[in-house]
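Let me begin by presenting the structure, written as structure tokens, before commenting on it.
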Amino acid sequence: MRDPQVIAEKLLAWYDRHARALPWRVPPGQGPADPYRVWLSEVMLQQTTVAAVKSYFLRFTDLWPRIEDLAAAEQARVMAEWAGLGYYARARNLIACARAVSALGAFPDTRAALAELPGIGPYTSAAIAAIAFDRPETVVDGNVERVVARLFAVPTPLPAAKPELVALAGRLTPQDRPGDYAQAMMDLGATICTPRNPACGICPVNDDCLARSQGIAAELPRKSPKKPKPLRQGTVWIGWTDEAVLVETRPARGLLGGTLAFPSTGWDGSDLAPPAHADWQKAGLVRHVFTHFALDLTVMSARLDSPPGRGRLLPLRDFSADALPGLMRKAWALARPQARAGGDEL
DNA sequence: CAACCGTGGAC
DNA sequence: TGTCCAAGGTT
């Protein structure tokens, strides 16, 4: 590498002209941004697209404008608002972090102190420190990994290449405007230096890119082969009365931990018996793909005539499918016509 | 360190 | 339809 600072300057100049306007973002040169909004957006954006996050971010900041408001919220309410966004440990950690920061009185302003908070790891701690506190920390997410792997033509496959990429990224990080620079790198990766068909022709640092000069930009970064996903099978039980539906809160840890759900069996280690004695009818089959396995879930539906042995009856006026994770929304969509055919008003 | 942990959109 | 992927963290 000849002159890292020249590359950083080119990226900042590009960002000044092409920065995307986002709900959580402060325009170039107008930072630093509000730590609460930076933190909330960064957690939501973990492994999640900008398009998916926008409405959730607006909803959360409308409901809870300050971190103290979020800290005071009930866990079930926050989980319901997070429903559909995925990776629910983020929501559980979000609440714990909000309460910790509230107790402290303010967000810590160093990367090391931020990294001690729940749900804040190497990436997010660096991002908050740079964007909200103007600290020259090196922010390395998937975008930065890709940009750096191409700039320096790193042939090592991920995740083994991570330390090497972090070291190279560190050499580029400027002392001035680290927050804008971090967002510039991520914007570049999101809009120009994309995984497939990178737009090298309009890239502000194409003259500095080794991969491009070697004609291998689109092939980098290389990745280790991934393992196949096994297929699991199970059953979900949607029981209802004229006034209520049978639900439960899933265990606090593990898959869909802490979310509102219909009782299910046979696929996640839970009990095999139906949650209530009833005339169960098959309503359909849900196919769902999780991170590390696929699931065929048989949806059973029934009007309940006796008290359930599992879960709780939630009054319909307190129930909304919006509060369910995606898998359970799919199941509800199939069972709902069954309920209606039974004379219910669902 | 590898497994675990969601979801929806793009191609 | 299948595959890849998105501003990762925790254990």
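Residue numbers start from 1 in every chain, and the chains themselves are labelled A, B, ... in the order their sequence lines are given, proteins ahead of strands.
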Open item on the list: For a quick check, with a 4.0 angstrom heavy-atom cut-off, what is the B/S/- contact string for nucleotides 6-11 of chain B, read 5' to 3'?
Closed with: BB----
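- Mapped onto DNA chain C by nearest heavy atom, A:L117 and A:L22 fall at different nucleotides, with A:L22 at the one closer to the 5' end.
- One can place CG of A:L94 at 16 Å from P of C:dG8, the figure rounded to the nearest angstrom.
- Among the protein residues, A:W24 comes within range of the nucleic acid bases, having at least one heavy atom under 4.0 Å from a base atom.
- Residue contacts shown for A:R287 are absent, as no nucleic acid heavy atom lies under 4.0 Å away.
- Contacts of A:P159 with the nucleic acid, taken as non-hydrogen atoms under 4.0 Å apart, are absent.
- Per the geometry, CG belonging to A:L158 stands 14 Å off C1' belonging to C:dA6, to the nearest Å.
- Counting non-hydrogen atoms of neighbouring residues, nucleotides and ligands closer than 6.0 angstrom, the CG atom of A:D296 exceeds 12 such neighbours.
- Here the P atom of nucleotide B:dA2 and the NZ atom of A:K162 are 14 Å apart, to the nearest Å.
- Salt bridge annotation for A:D16-A:R177: present, with a cationic side-chain nitrogen under 4.0 angstrom from a carboxylate oxygen.
- Mapping A:I120 and A:V50 onto DNA chain C via the closest heavy atom, the residue that lands nearer the 5' end is A:V50.
- Atom P of nucleotide C:dG2 and atom CG of A:L231 are separated by 11 Å, given to the nearest angstrom.
- At a cut-off of 3.5 Å, with distance as the only test, a side-chain donor of A:R90 or A:T48 sits close to an acceptor on the other residue.
- In summary, the side chains of A:R312 and A:T249 do present a donor paired with an acceptor at a separation below 3.5 Å, with no hydrogens or angles considered.
- Regarding A:L45, its CG atom lies at a distance of 8 Å from the P atom of C:dG8, rounded to whole Å.
- The separation of B:dC4 from C:dA6, taken at their P atoms, amounts to 22 Å, rounded to a whole angstrom.
- Atom name P, nucleotides B:dG8 and C:dG9: the rounded distance is 22 Å, in whole Å.
- The CD-C1' distance, from A:E42 to C:dA6, rounds to 13 Å in whole Å.
- We find that NZ of A:K226 is positioned 10 Å from P of C:dT3, with the value rounded to whole Å.
- When heavy atoms are screened at a 4.0 angstrom cut-off, A:S41 is found touching no nucleic acid atom at all.
- A:T235 and A:W267 form no side-chain donor-acceptor contact under 3.5 Å, judged by distance and modelled atom types alone.
- One distance of note links CZ of A:F319 with CD of A:E243; it measures 15.0 Å at 0.5 Å rounding.
- Regarding A:H292, its NE2 atom lies at a distance of 12 Å from the C1' atom of B:dA2, rounded to whole Å.
- Just one residue in the list A:W237, A:F262, A:W240 forms a ring-ring contact (aromatic ring centres under 6.0 Å, His included) with A:W332, and that residue is A:F262.
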